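A short write-up of the structure that comes next.
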Amino acid sequence: MKDKNSGTDSVAFRVELDSTNSSIEELQTKIAFQEHTIEALNEALSSQQQQLDELTYKLRHVIDKVKSIEPSNMAKDSEETPPPHY
C-alpha cells in the first residue's frame with residue numbers, strides 16, 4: 001500500500017523544483033542583460049575618454065600657440081619704472 005503523503009510530497013517537490021528553475025532562468029536573463037549593459041557603458045566610457053584626451057591635447061596646443069603669438073601685457077622687471085614715491 002502506498003502512502004498518500006508520498007504522492008503529495010512528490011507533486012510539491014516538482015512544483016518547488018519548477019519554481020526554482022524558473023527563478024534561475026530569470027536570474028540568468030538578468031545577468032545577461034547586465035553584462036550587455038556593462039559592455040555598452042564600457043564602450044561609451046572608452047569613447048568619451050578618447051575624446052577627452054584629444055580635446056586636452058588640442059587645448060594644450062592652442063594655449064601654446066596663443067602664448068607664442070601674443071606678447072605679455074606685463075612689463076619685465078628691468079623695463080618697469082619705479083613708483084612715484086622713489
Side-chain angles (χ1 to χ4, degrees):
M1 183 173 196
K2 271 190 163 181
D3 187 11
K4 281 186 168 180
N5 285 340
S6 69
T8 306
D9 289 344
S10 176
V11 171
F13 177 75
R14 285 184 184 154
V15 168
E16 188 175 332
L17 185 60
D18 288 344
S19 174
T20 302
N21 285 338
S22 177
S23 296
I24 290 172
E25 287 177 17
E26 184 179 342
L27 288 172
Q28 289 173 333
T29 302
K30 286 181 179 182
I31 289 171
F33 178 75
Q34 287 177 349
E35 287 174 346
H36 174 73
T37 302
I38 289 170
E39 184 61 33
L41 290 171
N42 186 44
E43 288 177 17
L45 182 61
S46 295
S47 174
Q48 287 180 350
Q49 184 61 50
Q50 184 179 4
Q51 290 174 343
L52 182 60
D53 291 343
E54 288 177 23
L55 289 172
T56 301
Y57 174 78
K58 289 177 182 179
L59 181 61
R60 284 185 184 151
H61 180 71
V62 168
I63 289 171
D64 290 343
K65 207 166 199 179
V66 168
K67 282 182 179 179
S68 68
I69 293 172
E70 186 178 307
S72 174
N73 291 336
M74 298 187 65
K76 296 179 184 173
D77 287 339
S78 61
E79 297 172 349
E80 188 72 41
T81 56
H85 63 277
Y86 270 10

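Since the structure is predicted, the reported quantities are computational estimates derived from the model, not experimental observations.
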Exercise. Taking it one step at a time, do Q49 and L52 satisfy side chain to side chain contact (heavy atoms under 4.5 Å, CB included)?
Worked result: CA-CA 5 Å; Q49 184 61 50; L52 182 60; 4.1 Å; yes
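- Put simply, the side chain of S23 gets close to the backbone of S19: a donor and an acceptor are under 3.5 Å apart.
- Remark: E54 CD is packed, more than 12 non-hydrogen atoms of other residues, nucleotides or ligands lying under 6.0 Å away.
- Here the straight-line distance linking atom OG1 of T37 with atom CG of N42 works out to 12.5 Å at 0.5 Å rounding.
- Once rounded to the nearest 0.5 Å, the distance linking OH of Y57 with CZ of R60 reads 10.5 Å.
- Using a distance-only test at 3.5 Å, with no hydrogens or angles considered, a donor-acceptor pair links the side chain of T29 to the main chain of E25.
- Taken from CG in L17 to OG in S22, the straight-line distance is 11.0 Å, to the nearest 0.5 Å.
- Counting heavy atoms from C-beta on, the side chains of Q28 and I31 never come closer than 4.5 Å.
- The structure places CD1 of I63 at 14.5 Å from NZ of K58, a figure rounded to the nearest 0.5 Å.
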